[in-house]
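Everything numeric in this text was worked out from a predicted model, so none of it was measured.
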Amino acid sequence: MASTDTPVDAPGKDGSDLAGLEAGLDALDSVEVGRTPLRETLLRKVLPPVTAVALVLVVWQLLVWAKVAPDYKLPSPAAVWDEVEASWLQGTLLDYIWTSVSRGLLGFLLALAIGTPLGLLVARIGFVRAAIGPILSGLQSLPSVAWVPPAVIWLGLNDSMMYAVILLGAVPSIANGLVAGIDQIPPLFLRAGRTLGATGLQGARHIVMPAALPGYLAGLKQGWAFSWRSLMAAEIIASSPDLGVGLGQLLENGRNNASMSQVFLAIFLIPCDQGNRRGPGTIPARAGSSRRPRGAA
């Protein structure tokens with residue numbers, strides 16, 4: 001008669017399988033983070049952009065030597081450098097930069113103070129979302145330069161006009177970024193927060209804002225870019241001695257003076273200055289999990 005006994009696994013087999021699975025998961029989570037050697041950092045982070053800039057300068061100089069355009073249309077790199085040196089010796093170079101940077105930073109902070117609570121209201125209140133949501137989307141797609149003429153008529157040629165243009169360009173991006181981040185929060189997080197008593201402002205501070213951080217940071221990055229572009233448009237179009245000379249006004253002065261070297265100087269300063277202040281939306285690369293392996297001392 002055939003035996004009906006069920007074979008029994010060897011003792012400890014299930015335990016060893018679970019231990020192996022746990023060890024494998026720990027190996028995936030725990031990534032050793034060591035200090036990157038200086039040579040590797042230079043090769044990976046410094047050398048590529050330096051090479052790209054050098055290549056652009058070489059091509060630029062070759063075009064000048066080939067006489068593809070008259071000197072007044074295509075100045076040489078040396079002529080632009082002479083413009084930089086002249087502005088530095090006159091003490092105006094840093095004034096150009098600081099005038100625009102101070103306006104851009106203050107305008108962005110004002111947009112942050114307005115766009116964050118506005119985004120929370122739109123995301124959490126259905127009536128407000130239905131009423132204002134489409135308007136924010138439409139304002140975000142509207143070019144910032146379109147706000148300069150009405151801002152000049154309403155407010156005049158002063159700093160208030162500059163900040164108004166910056167706000168109209170940046171607030172919709174910040175608010176929409178926060179709304180997108182809140183929409184991506186798993187509903188379980190919100191229910192768990194309400195169960196623990198995190199409602200109202202406490203829920204927004206401890207649950208909603210941290211969970212919506214990726215989308216919020218993306219909105220901040222886009223908001224900073226829109227702030228900078230709005231400011232450049234306002235400085236180029238609206239000029240007045242009372243406003244001072246920023247980077248946009250420097251570009252317009254170069255056009256009025258038919259000085260391409262001054263135009264190139266402004267063109268190079270605008271993206272360099274904006275790139276060095278990439279905004280709070282830049283998220284560093286994740287080097288690895290900080291959680292310690294199970295069983296570690």
Run Met260 and Leu74 through side chain to side chain contact (heavy atoms under 4.5 Å, CB included) and show every step you take.
CA-CA 7 Å; Met260 280 302 297; Leu74 182 64; over 6 Å; no

Could you state whether Leu62 and Val64 fall into the same hydrophobic cluster, counting links through intermediate Ile, Leu, Val, Met, Phe, Trp or Tyr residues with side-chain heavy atoms under 4.5 angstrom apart?
no

Taking a hydrophobic cluster as the set of Ile, Leu, Val, Met, Phe, Trp and Tyr residues connected by side-chain heavy atoms closer than 4.5 Å, whether directly or through intermediates, do Val53 and Val59 fall within one such cluster?
yes

Could you measure the distance from the CG atom of Asp159 to the OG atom of Ser102? Nearest 0.5 Å is fine.
8.0 Å

CD1 on Ile270 to CG on Leu250, rounded to 0.5 Å:
8.0 Å

Please tell me whether Leu220 and Leu109 are part of a single hydrophobic cluster in this structure, the criterion being side-chain heavy atoms less than 4.5 Å apart.
no

Just so I know, are the side chains of Val171 and Ile166 near enough to count as touching, which here means a heavy-atom distance under 4.5 Å?
no

Start with the C-alpha gap between Val80 and Phe268, add the side-chain angles, then the distance that decides, and say whether side chain to side chain contact (heavy atoms under 4.5 Å, CB included) holds.
CA-CA 10 Å; Val80 178; Phe268 291 147; 4.2 Å; yes

List the atom of Leu265, the atom of Ser87, and the distance in Å for their closest heavy-atom pair.
CD2-OG, 3.9 Å

Which pair of heavy atoms, one from Gly248 and one from Ile236, lies closest together, and at what distance?
O-CG1, 3.5 Å

Any side-chain heavy-atom pair of Glu235 and Glu252 under 4.5 Å:
no

Tell me, with the steps shown, if Leu139 and Leu168 meet side chain to side chain contact (heavy atoms under 4.5 Å, CB included).
CA-CA 8 Å; Leu139 291 177; Leu168 291 169; 5.5 Å; no

On a heavy-atom basis, which atom in Pro75 and which in Trp60 lie closest, and how many Å separate them?
O-NE1, 2.9 Å

Closer than 3.5 angstrom, by distance alone: can the side chain of Ser261 be matched with the main-chain N or O of Ala79 as a donor-acceptor pair?
no

Side chains of Arg129 and Leu121 in contact at under 4.5 Å (non-hydrogen atoms):
no

Using only heavy-atom distances, determine whether the side chains of Ser259 and Tyr72 contain a donor-acceptor pair under 3.5 Å.
no

Between Gln262 and Asn257, does the side chain to side chain contact (heavy atoms under 4.5 Å, CB included) criterion hold? Intermediate values first, please.
CA-CA 9 Å; Gln262 191 174 24; Asn257 298 329; 3.7 Å; yes

Return the minimal non-hydrogen interatomic distance between Met161 and Gly156, and the atom names on each side.
CB-O, 3.2 Å

Leu142 CG to Trp147 CH2 distance, which is reported to the nearest 0.5 Å
6.0 Å

Nearest 0.5 angstrom please: Asn176 CG to Tyr216 OH, how far?
13.0 Å

Identify the heavy atoms of Gly104 and Leu231 that sit nearest to each other, and give their distance.
N-CD2, 3.7 Å

So Thr99 and Val245, do their side chains get closer than 4.5 Å, heavy atoms only?
no

Do any N or O atoms from the side chain of Ser100 and from the backbone of Leu247 form a donor-acceptor pair under 3.5 angstrom?
yes

Value for OG (Ser230) from CG (Leu167), rounded to nearest 0.5 Å, stands at 9.5 Å

Just verifying a value: how many Å separate Arg103 CZ and Tyr163 OH, rounded to the nearest 0.5 Å?
7.0 Å

Are Leu55 and Trp65 co-members of a hydrophobic cluster defined by side-chain heavy atoms under 4.5 Å apart?
no

Evaluate the side-chain proximity of Met209 to Leu120: yes if any heavy-atom separation is below 4.5 Å, no if none is.
yes

Can you list the steps and then say if Ser76 with Gln61 is a side-chain hydrogen bond (donor to acceptor under 3.5 Å, both in side chains)?
CA-CA 6 Å; Ser76 65; Gln61 186 62 52; 5.1 Å; no

Please check: side-chain N/O of Ser137 versus main-chain N/O of Gly133, any donor-acceptor pairing under 3.5 Å?
yes

Do Val56 and Leu47 belong to the same hydrophobic cluster, where Ile, Leu, Val, Met, Phe, Trp and Tyr are linked whenever their side-chain heavy atoms lie under 4.5 Å apart, directly or via other members?
no

What is the minimum heavy-atom distance between Ser173 and Phe226, and which atoms define it?
OG-CD2, 3.4 Å

